[in-house]
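Heads up, the thing below is written out as structure tokens.
Both ligands and their constituent atoms are indexed starting at 1 by order of listing. Only this structure's heavy atoms are used, side chains among them; waters, hydrogens and symmetry mates stay out.
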Amino acid sequence: MDKKEAQSRIIKLRELINDYRYHYHVLDKSIMSEAAADSLKHELSELEAKFPDLITADSPSQRVAGAPLPGFTSVRHSRRMLSLNDVFNEEETLNWENRIAKLLPAGTKLEYFADVKMDGLAASLIYQDGKLERAITRGDGFFGEDVTSNVRTIESVPLSLRHDDAPNLFLSGRTEIRGEIVLYKKDFDELNKKRAKDGLPLYANPRNTAAGSVRQLDPKLVAIRKLHFHAYDLLRDNSSEVPTYDFAYKTLRQLGLLANNIAITSDSIKKVLDYARKWEEKRKNLPFNTDGLVIKVNDRRLYERLGVVGKAPRGAVAFKYPAEQSTTKVKDIFVSIGRTGAATPVAMLEPVVVAGSTVQMATLHNEGEVKRKDIRIGDTVIIRKAGDVIPEVVEPLVKLRTGDEKVFKMPSRCPECNTKLVKLKADEAVWRCPNESCPSRIWKRIGHFASKAALDIEGLGEKNVMALLDAGLIKDAADIYTLKKEQVEKLDRFADISAGKLIKAIADKKNPELARFIYGLGIRHIGTQTASDLANHFRSLGNIKNAKLEKLAKVEGVGEVVAESVVEWFGQPNNQKLLDKFKQTGVVPQEVKRVGGRLSGKNFVITGSLESMSRDEAAEKIRNLGGTFQSSVGQDTDYLVVGANVGESKLAKARKLGTKQISEKDLLKLL
Ligand code: IVH
């Protein structure tokens, strides 16, 4: 990028970031996620670092803290409310430890206190002789807003401190309690559901809703929103009265406040990092949003001694989980043809790290989606990636357009085989390549056949399938059984050992389970559960092949659409040829002998992740015992297995329907 281009980009970035800040801090509205805004700020700082003479005093990169809102009385904090510096990984955390260790006398033993970082609104409660006197928002750290009348409506804020078993010390004089006001995820969801029903605009996220609520001028409205106050700090004029954070949390609880009981104290930073990883996994189960941890030096004397740089204490850091959103540019949009012929537009991106891994492509789902979101080639876009989910484009940042962006046009022909794309039904969103011999479809079909949920042939991922196709060694899934080691080891991607392993892995799957084989054929609408239903009912491939439509449709879990799809698949000459070829190469799916088992007639849903096995493995075990694995809770669900990182929606549904909830341990017992 030359200087002129940089300048116009910088101007646009500043405008958009300022817009974000204004909406966020003044209007309590969010026009994009914090992670996406951070990504833009990062780009701005990088450009400014490259062209320092383009830095201006009013650039968002030059800004420190925001001023309090008008409307509430501004109050000075007795002690400044600081922010935290971020660390993003193990290395940065260890560096932090080294830095502070150097500032303390040699041999100082450090102990850490760690808690999850709650995503809400910081507030300070002032108690005088045990009575709540005042509540102040963080504001700019020096001055905050007096929101006492609103905070008094929050039930977890005691109006007077409890003193059953608390040391009386804290009940006399001035006690300041700091913490986070949060709106729980479930309450936020409910609130939005209600707003949707009433036709009102939806709230962006729990934090902004909590903030908006606390800063509402009519305190009667606050209580409705069910806010919670989670305390994280206890301050006295004489700081020696609170020697450690550990002590602070214990005392806060005795005084009748909520202080997270999952917080830990440890003398090993490695253990703290283990704790961080554990909560990265499990944070979905927490009632509030969190994007990391707060790690503090437990000993408050040492903490104070380490001092402050800028607006953050040296003695604490925020350990941030990798952002699940980021911004990048769409270099191009191409169309990928799937196994069933579905033509999916895919965005090729300038590589960007999202949720800890580099993303270069993101699905755009279908033509309609590209149009609806108006994603253009050359656009700067927000990318989202969560866990193992395929990255997707959330939205383009229209304000960053230069005018050179190109509108994507869905091709009318398959980019792989030039066949005219069609829609199976007029109202369908998806265009498809109808050519069964389309090279892309063949490739994806073979990949699907070998995939984990189907035949599970190790070493036969999509890249290797491509290599075998390119070398002309295979043309369909049956051909893999004719491969010879000598042929495979000649290919660039293989060597003596890997070729031998692949041949063995294929040979091991000559008698696959019937359900896996059926699923592997890639018949439309046949997922793993339907494949298993068909296998259990008909017991052999021959029986399924010969079954009449009515008989198929009657099988539980099958139904008409699936039955038609099965009949159509087995009726096609090329599929019959494929089955013959399997037979000739000696591939014989196992017949199902035992129907019905211990779990016969029982329907299971799993929510969240299991510790002892993957969901697919659990599903398979359930099916092997005659049970049914369902994807969502319904009237007929017998058990909801509740794992870690549980989504609230399934639990809510189960509660509503009175479905029995069992733990992973209970499931293992049943299995
Ligand atoms: S301790 C120097 N503990 O994070 C402030 N803060 O970026 C250290 N926060 O303004 C405060 N959860 O509002 C602490 N468990 C927790 C927290 C927490 C959320 C917020 C707090 C603070 C901000 C610092």
Side-chain angles (χ1 to χ4, degrees), residues 24-25 34-35 38 64-66 68 77-88 96 100 112-125 135-145 147 151 154 156 176-185 205-208 210-211 214 227-235 239 242 244-253 257-265 272 275-276 279-280 283 286-300 302-321:
Y24 191 86
H25 293 284
E34 196 178 350
D38 280 347
V64 268
H77 288 293
S78 64
R79 264 173 267 180
R80 190 177 168 192
M81 282 187 88
L82 296 162
S83 344
L84 290 173
N85 286 327
D86 295 336
V87 288
F88 289 96
W96 168 70
I100 57 174
Y112 302 98
F113 184 80
D115 189 5
V116 291
K117 187 167 187 296
M118 297 161 281
D119 199 11
L121 171 80
S124 168
L125 313 178
I136 319 170
T137 63
R138 192 185 109 96
D140 65 0
F142 295 105
F143 288 90
E145 298 141 333
V147 287
V151 168
I154 300 174
S156 45
E176 181 171 347
I177 293 170
R178 291 180 174 178
E180 201 80 354
I181 299 175
V182 288
L183 176 64
Y184 286 174
K185 292 183 278 189
N205 58 48
R207 181 193 0 185
N208 288 342
V214 167
L227 298 171
H228 297 262
F229 180 83
H230 287 243
Y232 55 66
D233 210 350
L234 176 64
L235 299 169
S239 55
V242 187
T244 64
Y245 279 105
D246 193 32
F247 175 88
Y249 267 52
K250 279 191 190 119
T251 310
L252 284 165
R253 282 183 210 120
L257 284 119
L258 204 60
N260 293 337
N261 55 15
I262 53 173
I264 57 155
T265 313
V272 174
Y275 173 82
W279 282 104
E280 179 171 10
R283 68 184 145 143
L286 291 169
F288 42 74
N289 280 334
T290 161
D291 60 356
L293 292 187
V294 176
I295 310 173
K296 302 189 261 203
V297 169
N298 191 32
D299 184 322
R300 302 261 288 228
L302 295 179
Y303 185 96
E304 292 301 327
R305 190 162 166 175
L306 284 165
V308 174
V309 259
K311 14 177 217 165
R314 281 202 192 83
V317 280
F319 179 96
K320 289 289 213 52
Y321 297 129

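- At least one N or O atom of E180, backbone or side chain, sits closer than 3.5 Å to an N or O atom of ligand 1.
- Only the side chain of P313 comes within 4.0 Å of ligand 1, counting heavy atoms alone; its backbone N, CA, C and O stay farther away.
- The backbone N or O of D115 lies less than 3.5 Å from no partner atom in the side chain of K296, so there is not a single donor-acceptor pair.
- Contacts between K117 and ligand 1, counted as non-hydrogen atom pairs separated by less than 4.0 Å, involve both the backbone and the side chain.
- Nearest protein heavy-atom neighbour of atom 5 (C) of ligand 1: L82 O, 3.7 Å.
- The nearest non-hydrogen atom to atom 15 (N) of ligand 1, considering only D86, L84, V182, V116, comes from V116.
- Using a 4.0 Å heavy-atom cutoff, A316 is absent from the residues neighbouring ligand 1.
- Residues that satisfy the side-chain contact (heavy atoms from CB on, under 4.5 Å) test with D86, not counting sequence neighbours, are F88, A318, K320.
- Residue contacts with ligand 1 leave out H230, since none of its heavy atoms falls under 4.0 Å from the ligand.
- Ligand-side atoms of ligand 1 in range of S83: 2 (C), range being under 4.0 angstrom from any heavy atom.
- When the shell of 6.0 Å around CZ of R305 is examined, it contains 12 or fewer heavy atoms from other residues, nucleotides or ligands.
- The protein atom (non-hydrogen) at minimum distance from atom 11 (C) of ligand 1 is Y232 CE1, 3.5 Å.
- The CG atom of L258 sits 11.5 Å away from the CD1 atom of I154 when rounded to the nearest 0.5 Å.
- A cation-pi arrangement is present between R300 and Y245 under the rule of less than 6.0 angstrom and at most 45 degrees off the ring axis.
- Scored by the side-chain contact (heavy atoms from CB on, under 4.5 Å) test, V182 finds M118, E180, Y184, H228, H230, F288 as partners (sequence neighbours excluded).
- Under a 4.0 Å criterion applied to the non-hydrogen atoms of K296, ligand 1 contributes the atoms 1 (S).
- Salt bridge R207/E34: present, at least one basic N to carboxylate O contact under 4.0 Å.
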Original post:
Are Y112 and W96 close enough, and set up right, to give a ring-ring contact (aromatic ring centres under 6.0 Å, His included), and what steps lead you there?
Top reply: CA-CA 12 Å; Y112 302 98; W96 168 70; 5.8 Å; yes
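- Annotation for ligand 1: atoms under 4.0 Å from non-hydrogen atoms of D115 are 15 (N).
- Neither the backbone nor the side chain of M81 has a heavy atom within less than 4.0 Å of ligand 1.
- In summary, K311 and D140 do not engage in a salt bridge, as defined by a charged side-chain N under 4.0 Å from a carboxylate O.
- The nearest heavy-atom contact from the protein to atom 12 (N) of ligand 1 is M118 N, 2.8 Å.
- Interface atoms of ligand 1 facing V294, defined by a heavy-atom separation under 4.0 Å, are 1 (S), 3 (N), 6 (N), 14 (C), 16 (C), 17 (C), 18 (C).
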